[in-house]
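Note sheet for the following structure.
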Protein chains: 2
Amino acid sequence: EKVLVSAIAHNTSEAKITVLGVPDSPGVAAAILGILSGANINVDMIIQNVSAGHETDMTFTVSKGDFKQTLDMLTDAMPSLGAKGVVGDPHIAKVSAIGVGMRSHSGVAQKMFQALADERINIQMISTSEIKISVVINEKYTELAVRTLHSVFDLDKERGDTIGG
Amino acid sequence: EKVLVSAIAHNTSEAKITVLGVPDSPGVAAAILGILSGANINVDMIIQNVSAGHETDMTFTVSKGDFKQTLDMLTDAMPSLGAKGVVGDPHIAKVSAIGVGMRSHSGVAQKMFQALADERINIQMISTSEIKISVVINEKYTELAVRTLHSVFDLDKERGDTIGG
Ligand SMILES: C[C@@H](O)[C@H](N)C(=O)O
Ligand SMILES: C[C@@H](O)[C@H](N)C(=O)O
């Protein structure tokens with residue numbers, strides 16, 4: 001099987017914020033992003049899953065520096081958004097497996113998720129793009145997760161090559 | 001402001017499936033992907049948001065051709081996964097705004113989501129990557145969504161240029 005994952009990336013500069021229980025109707029997502037873009041808050045990940053009943057949650061990541069201000073702004077906006085709550089956590093890391101050959105995510109995802117499970121690292125969020133599978137985990141597991149994924153996807157060998165080991 | 005969105009992409013070949021109410025503990029995501037990769041089911045998007053209490057939902061997209069088989073397989077696996085339900089919908093479209101200059105998703109996302117809201121198109125799922133914001137909508141709105149987003153992000157002009165209009 002050709003090499004599917006070519007690199008493991010990680011980012012511990014972000015914090016996650018979730019707006020809970022918003023109505024699943026047109027205009028709600030725009031209103032939430034309107035608050036953030038109006039305040040010039042940079043957003044990296046945006047994740048919304050299908051709704052349960054007529055409500056759903058929306059999570060996004062901002063820089064740790066913007067965490068407190070964003071949490072406060074959205075908490076103030078809860079009534080106008082019709083949200084049930086706003087929660088957040090600045091102690092997260094995003095860890096990604098990157099591979100341009102990934103036509104499908106199934107096999108790589110299974111291997112990645114199993115490697116994290118074997119180390120008892122809980123996956124808080126999952127998001128994919130054509131060439132990447134990203135998970136959000138507790139920041140304290142960043143090094144363990146990156147080391148484990150390097151080993152599972154045989155990315156250690158490259159290091160050996162460059163040093164002549 | 002420099003052009004942030006350079007293209008609108010859409011894909012109506014996929015179906016979504018959600019495994020509802022799975023335990024938020026290590027190993028669950030690996031088990032679900034294990035079922036799919038074991039059956040050689042190709043998966044495109046994988047979305048999991050933060051858990052409410054100790055449970056969460058996991059959604060992924062498969063080709064419309066794999067929809068029925070995947071739904072059946074996961075429904076059978078519900079007891080072993082500890083899931084509360086499995087639901088799905090083959091009548092979806094993924095629509096994406098693509099822009100390599102997107103350092104942050106806020107402003108572009110707000111504009112994209114507002115444009116869809118103005119057409120009363122409900123956003124079922126949201127997922128982002130460095131250069132892209134993707135939404136899942138009802139398949140019947142595909143052309144309307146693509147046309148609306150082309151206009152909002154001034155991508156119509158390009159067409160005018162090539163025809164000399
Ligand atoms: C929840 C939110 O995404 C809503 N469905 C909307 O279209 O704005
Ligand atoms: C729900 C699922 O992602 C779980 N948290 C896991 O780590 O497998």
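Lettering follows sequence order; numbering is per chain, from 1.
One hydrophobic cluster, built from ILVMFWY side chains closer than 4.5 Å, holds both A:Ile121 and A:Ile133. B:Val108 and B:Ile8 fall within the same hydrophobic cluster, where Ile, Leu, Val, Met, Phe, Trp and Tyr residues are linked whenever their side-chain heavy atoms come under 4.5 Å apart, directly or through other members. A:Val100 and B:Val100 fall into different hydrophobic clusters, where Ile, Leu, Val, Met, Phe, Trp and Tyr side chains are chained together by heavy-atom contacts under 4.5 Å. By the rule that hydrophobic residues join a cluster once side-chain heavy atoms approach within less than 4.5 Å of another member, A:Val135 and A:Val146 end up as members of one cluster. Put simply, B:Tyr141 and B:Val136 are part of two different groups of oily side chains (I, L, V, M, F, W, Y) that touch within less than 4.5 Å, one to the next.
Between atom OG of residue A:Ser127 and atom CD1 of residue B:Ile47 there is a gap of 6.5 Å, rounded to the nearest 0.5 Å. Of the inter-residue distances, the one linking A:His105 atom NE2 with B:Thr61 atom OG1 reads 9.0 Å to the nearest 0.5 angstrom.
Within the 4.5 angstrom heavy-atom criterion, no atom of B:Met102 approaches chain A. Interface residue B:Lys16: only side-chain heavy atoms are found under 4.5 Å from chain A. With a 4.5 angstrom heavy-atom cutoff, B:Glu119 does not touch chain A via any of its atoms. Proximity to chain B (any heavy atom under 4.5 Å) is shown, for A:Thr59, by both the backbone and the side chain.
For the residue pair A:Thr128 and B:Ile46, the shortest heavy atom distance occurs at OG1-N, 3.0 Å.
Per-residue counts of heavy-atom pairs under 4.5 Å with chain A were compared for B:Gln110, B:Gln124, B:Gln48; the largest is that of B:Gln48.
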Could you give the side-chain donor-acceptor pairs of residues 22-43 of chain A under 3.5 Å, partners two or more places apart or in another chain?
{"from": "A:Asp24", "atom 1": "OD1", "to": "B:Asn122", "atom 2": "ND2", "distance (Å)": "3.1"}
{"from": "A:Asp24", "atom 1": "OD2", "to": "A:Ser51", "atom 2": "OG", "distance (Å)": "2.9"}
{"from": "A:Ser37", "atom 1": "OG", "to": "A:Leu33", "atom 2": "O", "distance (Å)": "3.1"}
{"from": "A:Asn42", "atom 1": "OD1", "to": "B:Ser104", "atom 2": "OG", "distance (Å)": "3.2"}

Show me the side-chain donor-acceptor pairs of residues 78-90 of chain B shorter than 3.5 Å, one per line, residues at least two apart or across chains.
{"from": "B:Ser80", "atom 1": "OG", "to": "B:Ala77", "atom 2": "O", "distance (Å)": "3.0"}
{"from": "B:Lys84", "atom 1": "NZ", "to": "B:Glu55", "atom 2": "OE1", "distance (Å)": "3.4"}
{"from": "B:Lys84", "atom 1": "NZ", "to": "B:Glu55", "atom 2": "OE2", "distance (Å)": "2.2"}
{"from": "B:Asp89", "atom 1": "OD1", "to": "B:His91", "atom 2": "N", "distance (Å)": "2.8"}

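For the side-chain contact (heavy atoms from CB on, under 4.5 Å) with A:Met58, the lone residue among B:Ile126, B:Asn49, B:Ile123 that qualifies is B:Ile126.
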